[in-house]
Amino acid sequence: MTGTQDTIFAVASGAGRAAIAVLRLSGPASQAMLAALCGRVPPPRRAALRRLRDAEGAELDQAMVLWLPGPGSYTGEDSSELFLHGGTAVIEGVADALVALGARPAEPGEFTRRAFLNGRMDLTEAEAVHDLVAAETAAQRRQALRQLDGALGAIYRGWAERLRTLLAQQEALIDFPDEDLPPDVEAAVLAELAALHREIVTHLDDDRRGERLREGLLFAITGPPNVGKSSLMNALAGRDVAIVSATPGTTRDALETRVVLGGVPVTLVDTAGLRQAADAIEAEGVRRARAHAAAADLVIAVTEAGQPATHDRADVLVANKLDLGGSVPEGAIGVSALAGEGLELLRGRLADAARALTQVSGPPALTRARHRAALLEAAARLAGAHGADLPELRAEDLRLALRSLGRITGMVGVEDILDTLFAQFCIGK
Ligand SMILES: Nc1nc2c(ncn2[C@@H]2O[C@H](COP(=O)(O)OP(=O)(O)OP(=O)(O)O)[C@@H](O)[C@H]2O)c(=O)[nH]1
Ligand SMILES: [Mg+2]
């Protein structure tokens with residue numbers, strides 16, 4: 001990572017031609033560079049129209065500009081935003097002028113990284129910025145906004161605060177074993193330790209709802225050959241994703257498509273029909289089908305109306321080809337992928353399932369594997385502390401638990417993960 005003394009810039013609006021392109025500038029030289037580009041710098045946080053010129057005086061654009069002095073800016077540094085006309089020549093002209101003035105293009109997530117390093121937000125909030133930019137549905141947006149508000153970070157900081165108190169009490173037990181500490185200090189430490197452990201374990205025991213909502217769900221369509229799995233996938237997706245044919249064994253590879261069900265992004269996977277494979281390619285397809293079914297959040301098991309269901313796992317059982325007049329087995333939803341019958345009912349059931357798999361009630365949910373790993377570590381250390389024989393060992397476990405919690409919000413020891421974390425961000429964020 002290059003130094004934070006650099007002044008960086010990036011187009012924060014999307015790629016491609018657009019009416020306006022938002023260019024962000026942040027770093028110590030922001031004000032001087034803005035002045036060089038547009039002459040008079042407008043008053044802080046007041047939009048003004050300016051002619052932008054390069055060092056030779058050639059006009060680059062007429063743009064609305066904002067001067068955003070630190071520390072009250074997004075990054076906490078002196079910064080500026082330019083609302084340029086969105087043409088390539090304009091953007092390149094301004095970018096070249098900025099480079100000539102000594103600025104450099106920002107790396108992915110560098111603005112948010114600076115915001116974190118300058119204490120403008122904790123790491124869970126920085127991650128929420130990324131999630132909000134990536135949010136495809138309203139439910140994802142709500143979760144990201146809540147995290148951006150600091151609701152999740154507040155829980156983790158609260159636990160860290162209690163742990164710090166516990167650690168101080170434990171250290172007092174070590175330093176003054178014979179002095180007249182109240183007799184029940186150790187009992188109180190153990191009780192609080194157990195309570196904290198319980199809260200973290202409860203938070204962890206959430207069926208990955210928050211993570212599932214953030215990442216989206218995986219629904220696999222499985223069943224014997226030729227029952228209409230691909231037809232059903234196409235019907236649910238509303239487009240021709242998979243080849244449909246009367247020949248059994250048509251689908252060989254697993255095919256994916258994204259749909260939104262119940263406000264949750266869902267990847268639908270159409271799989272090869274499960275049967276004794278005719279050749280090596282089909283055998284591989286069947287192996288992949290089984291692997292997808294095993295990894296899926298939900299299996300849509302398809303059979304033909306009138307045929308018995310033989311699936312290993314059927315979270316939602318569908319009897320297709322209802323138009324041919326077969327009977328629907330107990331517990332199955334009868335549909336016709338061809339005629340459209342029953343599809344609304346099926347869509348409703350899948351939407352309910354998607355919501356149930358991701359619905360978070362009460363306090364904000366865990367949203368990332370990174371948080372889960374740190375919390376699992378903290379819980380293990382707390383359990384260790386509770387069972388420790390020696391006061392010194394208990395204190396050490398508490399210290400390690402505190403460190404794990406601190407890594408979630410970025411209070412301690414996160415230098416090693418920052419590069420990976422912010423590399424996932426967009427340029428300009
Ligand atoms: N009558 C009727 N035929 C259907 C229906 N759905 C699919 N079919 C037909 O059944 C045949 C197989 O459909 P596919 O969607 O390819 O079935 P599949 O389960 O994906 O088959 P494989 O990929 O070979 O495992 C095709 O000829 C479809 O037109 C339906 O609801 N009614
Ligand atoms: Mg198929």
Side-chain angles (χ1 to χ4, degrees), residues 215-262 264-354 357:
E215 292 161 11
L217 298 170
L218 185 70
F219 285 9
I221 305 175
T222 68
N226 219 39
V227 293
K229 299 180 297 300
S230 299
S231 306
L232 191 65
M233 156 112 143
N234 291 346
L236 288 172
R239 55 184 178 269
D240 242 350
V241 186
I243 299 173
V244 167
S245 100
T247 316
T250 300
T251 307
R252 297 182 149 214
D253 219 339
L255 284 174
E256 297 187 359
T257 189
R258 295 275 275 184
V259 295
V260 173
L261 292 165
V264 185
V266 176
T267 302
L268 279 180
V269 188
D270 176 27
T271 63
L274 298 173
R275 66 169 180 182
Q276 204 57 41
D279 59 42
I281 300 172
E282 190 180 352
E284 175 59 17
V286 169
R287 193 196 64 75
R288 288 182 189 197
R290 291 193 198 283
H292 273 293
D297 295 298
L298 182 135
V299 169
I300 306 168
V302 187
T303 183
E304 267 177 43
Q307 299 292 314
T310 56
H311 306 81
D312 298 337
R313 179 179 167 196
D315 300 316
V316 173
L317 183 59
V318 175
N320 189 33
K321 308 197 186 180
L322 198 57
D323 53 294
L324 297 181
S327 62
V328 177
E330 177 88 26
I333 302 176
V335 307
S336 167
L338 214 57
E341 205 180 336
L343 284 177
E344 268 323 295
L345 182 68
L346 175 61
R347 230 183 242 114
R349 276 281 293 277
L350 295 177
D352 290 345
L357 284 163

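Bear in mind that the values here come from a model prediction, so they are computed numbers and not experimental data. One-based numbering, in listed order, for ligands and for the atoms of each.
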Heavy-atom nearest option to atom 11 (C) of ligand 1, drawn from A242, S245, P224: S245
Donor-acceptor pair, side chain of D323 and main chain of S336, under 3.5 angstrom: no
Proximal candidate to atom 1 (N) of ligand 1 [heavy atom criterion; set T250, D323, L343]: D323
Heteroatom distance test (T271, ligand 1): nitrogen or oxygen, under 3.5 angstrom: no
Nearest atoms (heavy-atom pairs only) where A220 meets H292: CB-O, 4.1 Å
Identity and separation of the nearest protein heavy atom to atom 22 (P) of ligand 1: N226 N, 3.6 Å
Contact summary for G249 and P225, nearest pair of heavy atoms: N-CB, 4.0 Å
2.8 Å cut-off met by an N, O or S atom of T251 to the Mg ion (ligand 2): yes
T247 to ligand 1, any heavy atom closer than 4.0 Å: yes
Closest non-hydrogen atom pair between H311 and A314, with its separation: CB-CB, 4.4 Å
For atom 28 (C) of ligand 1, closest protein heavy-atom neighbour: V244 CG1, 3.6 Å
Exceeds 12 heavy-atom contacts within 6.0 angstrom, atom CG of L324: yes
Heavy-atom nearest neighbour of atom 24 (O) of ligand 1 within options G273, A319, G249, S231: G249
NZ/NE/NH1/NH2 to OD/OE distance under 4.0 Å, R252 and E284: no
R239 side chain to T257 side chain, donor-acceptor N/O pair below 3.5 angstrom: yes
Contact flag N226/the Mg ion (ligand 2), N/O/S atoms, threshold under 2.8 Å: no
L324: numbered ligand 1 atoms lying under 4.0 Å from its heavy atoms: 1 (N)
Side chain to side chain contact (heavy atoms under 4.5 Å, CB included) between K229 and V244, intermediate numbers included: CA-CA 9 Å; K229 299 180 297 300; V244 167; over 6 Å; no
Lys/Arg-Asp/Glu bridge criterion (N-O < 4.0 Å) met for R347, D352: no
Geometric N/O contact P248 with ligand 1, under 3.5 angstrom: no
Sub-3.5 Å N/O-N/O distance, D270 and ligand 1: no
V227, any N or O under 3.5 Å of ligand 1 N or O: yes
Distance-only polar pair, side chains of T271 and T222, donor-acceptor under 3.5 Å: no
Which of the ligand 1 atoms, numbered from 1, are nearer than 4.0 Å to a heavy atom of K229: 15 (O), 17 (O), 18 (P), 19 (O), 20 (O), 21 (O), 22 (P), 25 (O)
Atom of P224, atom of V302 and distance for their closest heavy-atom approach: CD-O, 3.4 Å
Atom 10 (O) of ligand 1: nearest protein contact (heavy atom, Å): K321 NZ, 3.0 Å
Residue selection (non-hydrogen contact nearest atom 2 (C) of ligand 1) among I221, N234, L338: L338
Ligand 1 N/O within reach of G228 N/O, cut-off under 3.5 Å: yes
Heavy atom of the protein closest to atom 6 (N) of ligand 1 (residue, atom name, distance): N320 ND2, 3.1 Å
